[in-house]
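Below: the structure, in structure tokens.
All chains are named by letter (A, B, ...) in the order of the sequence lines, taking the proteins before the strands, and each is independently numbered beginning at 1.
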Amino acid sequence: MLKMGIKPDNFTYPSVLKACGDEFDLGFGRELHRSIDASGLEWNLFVQNALVAMYAKCGEVELAYDVFEKMPEKDVVSWNSIISGYASKGMWPQAFDLLGKMRNSNTPINLVTWNTIAGGYFQAGNYKDALGLIPQIRKHGIHLDSVAMVIGLGACSRIGIVKLGKEIHGYALRNGCDGNESVKNALITMYSRCKDLRHAYSLFRSTEIKSLVTWNSMIAGYSHSDRYEEASFFFREMISTGIQPNYVTIVSILPLCARVANLHHGKEIHCYIMTHGGFKDYLLLWNSLVDMYSKSGKISEAQKLFNSMNEKDKVTYTSLIDGYGMQGEGQIALKLFEEMNNCGIKPDHITMVAVLSACSHSGLVSEGQILFEKMSSLYGINPRMEHFDCMVDLFGRAGLLKRAADVITMMPFRPSAALWATLIGACRKHGNTDIGEWAAKKLLEMKPEN
DNA sequence: TTAGGGTTAG
């Protein structure tokens, strides 16, 4: 268009900027920004809003704010764009500060504003807070739209509260949103994640035009419920209807492959990825493969794959560390942990579980203890329940039953029945009746949790 | 024309 000498106008720039945001093409976005400044359209509200949104989507909230701040006139889209930028980065103080300023500016808050906050909560894993917004929205007399429902259903499926999910389903039926594809897929996910496979299945079968996401929702749902046969059946049915799987399909089905007795299915999928294009850029996918081989005890396959990867993150390392740990190769696991730290990849609480359990399976008592004690000072990770579980197991396996018992007594969490059982098992193995009986008594005293 | 959403690994 430019080559033909046609000048972009106040309609062209927002559309192209939106595309930049969707593709995270910051380079082209900045180029457009320079071109806008030279075009005389730099004060157009639509153009400015689109610039704010583009920078926010590309993760450049400061640049987004620079544009936003200088805008002489702001509308609800401007505010929503900048709030969304901060919320998606988890910068909550800034997001809420702006929400307050938006209220003071007499710009009316609309459903998109609410959905932005709810979506931010969802991304941060605050599913309860996301759900808590629904009654607030309704209190303002605003009707939920499909986006609000999808977020609400997503939160229900993560927490596993089918009752609230059903209420949203009812709301969708009453408001004619049940035919919306996204709502349908979110409903399938909600029911299947809440282990109500019957409802998930009937919704799926009643969907006439099934998109890739519909199939993925179903496969992920059954996979999540450990139903390999059905998940695999849907996978094959999907391919037979001419729909090609994408990386989400593969990532959904791989964890199940590790759990079935032979690795045939997992290898088949690995082969599929190698022979079909379009998968190489998804780290998530390669991590799932490393994890599958690790969990299946094929540690040399996992290592081979790991070596072939150009990009690795903490999940790649954690999967391999976990694999070596399960094989009783604690020293190798610790070497990998050291390597990841040297590479500047920060471990998180799941990495620590893998490392500590590797120590426990290989009898590396002092190594495990040192790592546990230095977890928060060295890596900034506060010990969680599962780390204490690892320590009880570590001492228990080594026959240091008094120290295992001390961990349970001192830990700032309510010990689970399984943890008492771990200690009792260790006492039995090492012939310690005193601590064993004490633990058994504690286990029997436990009140059932509500 | 510009803002929010569904399937996703350790």
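Within the nucleic acid shown, Val251(A) comes within 4.0 Å of sugar-phosphate atoms alone, with no base atom in reach, counting heavy atoms only. In this structure, Tyr247(A) reaches the bases: a heavy-atom distance under 4.0 Å links it to at least one base atom across the strands shown. In this structure, Thr351(A) reaches the bases: a heavy-atom distance under 4.0 Å links it to at least one base atom across the strands shown. Base engagement by Lys314(A) is indicated by at least one non-hydrogen atom pair under 4.0 Å involving a base atom. Within the 4.0 angstrom heavy-atom criterion, base atoms lie near Ser146(A). Ala186(A) comes within contact range of no nucleotide atom at all, as no heavy-atom separation falls under 4.0 Å. Backbone-only contact: Lys57(A) has heavy atoms under 4.0 Å from sugar-phosphate atoms and none from a base. Heavy atoms of Gln48(A) sit nowhere under 4.0 angstrom from any nucleic acid atom.
Summarising the geometry, the separation between CD1 on Ile117(A) and P on dG5(B) is reported as 12 Å, rounded to the nearest angstrom. Look at CG on Leu99(A): it is 13 Å from C1' on dG4(B), rounded to the nearest Å. At whole-Å resolution of the value, CD1 in Ile142(A) and C1' in dG4(B) are 13 Å apart. Taking atom OH of residue Tyr222(A) and atom C1' of nucleotide dT8(B), one finds them 19 Å apart after rounding to whole Å. Atom NZ of Lys210(A) is separated from atom P of dG6(B) by 22 Å (rounded to the nearest Å). As a whole-Å value, the separation of Asp9(A) CG from dT2(B) C1' is 14 Å. The distance from atom CG of Asp348(A) to atom P of dA9(B) is 14 Å, rounded to the nearest whole Å. Regarding Leu305(A), its CG atom lies at a distance of 16 Å from the P atom of dG10(B), rounded to whole Å.
When all heavy atoms are compared, the tightest approach of Glu69(A) to Lys74(A) is O-NZ, 4.0 Å. Heavy-atom minimum distance, Leu356(A) versus Leu394(A): O-CD1, 4.5 Å.
Of the residues in residues 377-384 of chain A, not one places a heavy atom less than 4.0 Å from an atom of DNA chain B. Listed by residue number, Val77(A), Asn80(A), Ser81(A), Ser84(A) are the residues of residues 60-90 of chain A with a heavy-atom contact under 4.0 Å to DNA chain B. DNA chain B is contacted by Arg193(A) of residues 190-207 of chain A, taking any non-hydrogen atom closer than 4.0 Å.
Side-chain atoms of Asp313(A) and base atoms of dG10(B) include no donor and acceptor less than 3.5 Å apart. The base of dG5(B) sits within donor-acceptor range of the side chain of Ser182(A), with an N or O pair under 3.5 Å. In terms of polar N and O atoms assigned as donor or acceptor, the side chain of Asn216(A) never comes within less than 3.5 Å of the base of dG6(B) in a complementary pairing. Not a single donor-acceptor pair, N or O on each side, falls under 3.5 Å between the base of dG10(B) and the side chain of Asp291(A). The base of dG10(B) has none of its N or O atoms less than 3.5 Å from a complementary donor or acceptor on the side chain of Ser319(A). Between the base of dA3(B) and the side chain of Asn110(A) there is a donor-acceptor pair shorter than 3.5 Å.
Counted by atom type alone, His349(A) and Tyr379(A) present zero donor-acceptor pairs between their side chains at under 3.5 Å. Between the side chains of Ser78(A) and Asp75(A), at least one donor-acceptor pair of N or O atoms lies under 3.5 Å. Asn185(A) and Asn216(A) share no side-chain donor-acceptor pair at under 3.5 Å.
Residue Val213(A) has its side chain nearest to dT7(B) when only dT7(B), dG4(B), dG5(B) are considered. Residue Val315(A) has its side chain nearest to dA9(B) when only dG4(B), dA9(B), dT1(B) are considered. Relative to the side chain of Thr189(A), the nucleotides dT2(B), dT7(B), dG10(B) differ in distance, and dT7(B) lies closest. Out of dA9(B), dT7(B), dA3(B), the shortest distance to the side chain of Val112(A) is found at dA3(B). The side chain of Pro14(A) lies closest to dT2(B), out of dG6(B), dT2(B), dG10(B).
Remark: Arg34(A) does not engage Glu31(A) in a salt bridge, criterion side-chain N to carboxylate O under 4.0 Å. Under the 4.0 Å criterion applied to side-chain N and carboxylate O atoms, Lys89(A) and Glu62(A) are not assigned as salt-bridge partners.
Of the side-chain N and O atoms in Lys18(A), one or more sit less than 4.0 angstrom from OP1 or OP2 of dA3(B). Dashed line: the shortest gap from a side-chain N or O of Gln123(A) to OP1 or OP2 of dG5(B) is under 4.0 Å.
At least one donor-acceptor pair under 3.5 Å links the side chain of Ser211(A) to the backbone N or O of Val213(A). For the pair Ser192(A) (side chain) and Leu197(A) (backbone), a donor-acceptor distance under 3.5 Å is absent. A distance-only check finds a donor-acceptor pair linking the side chain of His361(A) to the backbone of Ser357(A) [under 3.5 Å]. In this structure, Asn175(A) contributes its side chain and Cys177(A) its backbone to no donor-acceptor pair below 3.5 Å.
A tilted orientation is assigned to the rings of Phe204(A) and Tyr201(A), their planes being inclined by 30° to 60°.
In this structure, Phe46(A) forms an aromatic stack with the base of dT1(B), since both conditions hold: centre separation below 5.5 Å and plane angle below 30°.
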Where do Phe122(A) and Tyr127(A) land on the ring-ring contact (aromatic ring centres under 6.0 Å, His included) test, with the steps shown first? CA-CA 5 Å; Phe122(A) 186 88; Tyr127(A) 306 121; 5.2 Å; yes
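Of the residues Tyr317(A), Trp286(A), Tyr293(A), the one that meets the ring pair (Phe, Tyr, Trp, His ring centres under 6.0 Å) test with Phe306(A) is Tyr317(A).
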